[in-house]
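Taking it in order: structure first as structure tokens, then the write-up.
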Amino acid sequence: MSESNPVPYAESDLYRLRHSAAHVMAEAVLALFPEAKLAIGPPIEEGFYYDFDLGRGDDGRPKTFSPEDLEAIEARMKALLKHNAPFQRSSKTIEEARAFFADQPYKLELIQELAAGKVDENGNPLSEPVSEVGIYQHRQFVDLCRGPHVAYTSQVKANAVKVLRSSGAYWRGDEKRPQLQRIYGTAWPNKEQLDEYLQRLEEAKARDHRRLGKELGLFHISQTVGTGLPLWLPKGAILRETLEGFLRQAQVERGYLPVITPHIAKIDLYITSGHYPYYKDSQYTPIDVDGEKFMLKPMNCPHHIEIYKSAPRSYRDLPYRLAEFGTVYRYEQSGELTGLTRVRGFTIDDSHLFVTPEQLEGEFINVVKLIQYIIQAMGIHDFRARLGTNDPNSDKYAGTPAMWERGIRAIRQAADKLGLPYSVEEGEAAFYGPKLDFIARDVLKREWQLGTVQVDFLLPERFDLEYVGEDGQKHRPVMIHRAPFGSMERFVGLLIEHFNGAFPLWLSPVQAVLIPITDRNVEYAQKVAADLRAAGLRVEVDDSGARMNAKIRHAQLQKVPYMLVVGDKEADNQAVAVRTRQNADRGAVPVSEFIGRARSLIESKSMEL
RNA sequence: GCCGACGUAGCUCAAUUGGCAGAGCAAUGCUCUUGUAAAGCAAAGGUUAUGGGUUCGAUUCCCAUCGUCGGCUCCA
């Protein structure tokens, strides 16, 4: 949860500080690499970056920054910061700026776009052409820049800046344009805040789902099976199945109907749906069998459509809501894969709703409410909603302008009725229609799309879907595609980080560990475990040769909600000594009482223990 | 896919300028029978990602492939 801040970041002192630090870093880079060409260097959420083109080396490949170069750049930056200099703003006409930046091709391109009124220095869209551009100078370093900056370089503290890393980054974010060298850095008002930030990064690593997934035995990715194809270990599978069961129940209550469809289908299915050209570059190669081509399914929509078409439909059948945990395969580029959040085989908690035009808004609202219900049940608050629309200048989108307009209007009206805030982002739609996405962030603050609802007028056309209306005439239904979790893999990945591996009782793969104090207590522990299992609880008995203290430590590190210590006293009284993972020793409790409390907490999906 | 860094035991990490590959934890066996975050001892665990090359000799240097990580691009 972000605190409400009266000053937007882009107008804050911290933003100026970082922007100024970016200029000083560029100054340091030019001092060490005089031939470097400057691209852009904006502040970002927790720091800043600057992009450079270092030209090509003798081998013809683009030159890059080595780790040693980065150290030298940071050292030079700190040295420069020891000498105070004012930041001075001025302006130049377009012609003056062109002459001044004559040997800086990227700046020239920026000036061109400013003059044309396309985008500003940071790549954001402009409303109108500019006739003069802003220039900031400190010492000999001059940059095309709208500012603002701090008044003096001394306001950037040498001990509160750090050069973090470098990487390749395409100019203008376009993989067809040159790849530049980006240096990321961070700057804070003082050393203490820099240290706090660096410590936060360390803590974030400790709750990374890839690390916790290994430590807690949730999933494994085997190179032998294939990269991006996670294996769910028993504990991870329990977690996932619990989530699936939760959603299944919610769907039953809302009139969804289960279906099951195969993992491959003839390629013609996707050609008809129009999916094929959009997914063909991210597909496993089709399987050729006796001259017929089959594809691993990259999405479930066409299969559900075929189910809709398997019988004539009447308006009385609608809304017709088909749901499936459908596994799909997409051959994502190798560099994009990440733990569970980006994989090549994943299961969408997919559903397709076939509705009449009149039902569209109401059904859309119900779906959004379902997603909100799911997200809230997990205690997730740090998410945002995004309306993804088509980019009229792109050929990525199918359908008519009227279809897009209707869809976008339906989503806006539904969101407004729900009072749901959302941002609008052009070019974020599915190819067949606009969508409302729910987006959360991982521990490294990377954004991931989770739940999604999409309005689709196109596929009903493509597949010639119809239903018989009250008037006896044939009508075209509208489709809603939706997935509250998004994918089981990604959702579980983010859930691991959200809870730092300490899942609420109802989701915990192991809800309690029985810890016998001596070997003679093992038998009693097993009897209690059987009683707890009979009551529907997931329990283990730690009958290893370790001492009690070590068993507690182990259960604690596994983030098991309850440790139930049993010795002679407990055996005599049909009791367990309850300890929670929050280090709370609750003392001896009758077994029946423990069962009652645990079941009630599970029933209510409580976050408490 | 692109740029960079990296790949040593199940996990976390060592190994001077190229010279017999080590430790802790886990797992295994034995002893101890323990009251709320790590008992002791023993034995075991490796074609140093894979395939080539240079060298008397390669974990170390070179090339290729695969993979991991951080970005870019892309995406549920």
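As the counterpart of rG7(B), rC66(B) is assigned, both hydrogen-bonding distances of the Watson-Crick or G-U wobble pattern falling under 3.5 Å. When both pairing distances are held under 3.5 Å, rC2(B) makes a Watson-Crick or G-U pair with rG71(B).
Rounded to the nearest Å, the gap between the P atom of rU50(B) and that of rU59(B) is 11 Å. With C1' as the reference atom, rA43(B) and rG29(B) are 8 Å apart, rounded to whole Å. Comparing rG52(B) with rU60(B), their P atoms sit 14 Å apart, to the nearest whole Å.
Judged by atom type and distance alone, Tyr331(A) does not reach the base of rG1(B) through any side-chain donor-acceptor pair under 3.5 Å. Remark: the Arg165(A) side chain and the rC69(B) base include no donor-acceptor N/O pair separated by less than 3.5 Å. Between the side chain of Arg182(A) and the base of rC3(B), no donor-acceptor pair under 3.5 Å is found. Taking only distance into account, the side chain of Asp519(A) meets the base of rU33(B) through a donor-acceptor pair shorter than 3.5 Å.
When the P atom of rG35(B) is taken as reference, atom CG of Asn573(A) falls 18 Å away, rounded to whole Å. Put simply, CZ on Arg210(A) is 16 Å from P on rG67(B), counting in whole angstrom units.
With RNA chain B read from its 5' end, the first of the two nearest nucleotides for Asn583(A) and Thr341(A) is the one closest to Asn583(A).
Residue Tyr278(A) is tested with Tyr397(A), Tyr270(A), Phe431(A), Tyr432(A) for a ring pair (Phe, Tyr, Trp, His ring centres under 6.0 Å); the sole match is Phe431(A). The salt bridge (charged side-chain N to carboxylate O under 4.0 Å, His left out) test with Glu489(A) is passed by exactly one of Arg240(A), Arg344(A), Arg342(A): Arg240(A).
In this pair, Tyr184(A) does not lay its aromatic ring on the base of rG71(B); centres under 5.5 Å and planes under 30 degrees do not both hold.
Residue Glu35(A) places its CD atom among more than 12 non-hydrogen atoms of other residues, nucleotides or ligands, all under 6.0 Å distant.
Checked against rC75(B), rU33(B), rG35(B), the side chain of Thr518(A) finds its nearest nucleotide in rU33(B). Candidate nucleotides rG1(B), rA76(B), rC69(B) were compared by shortest atom distance to the side chain of Val343(A), and rA76(B) ranks first.
Counting any heavy atom pair closer than 4.0 Å across all strands shown, Leu180(A) reaches no nucleic acid atom. If you check every strand for non-hydrogen atoms under 4.0 Å, Thr227(A) touches sugar and phosphate atoms only. Among the heavy atoms of the strands, none lies under 4.0 Å from Asp349(A).
Between Phe499(A) and Phe503(A), the ring planes lie perpendicular to each other; the angle is over 60°, past the 30° to 60° tilted range.
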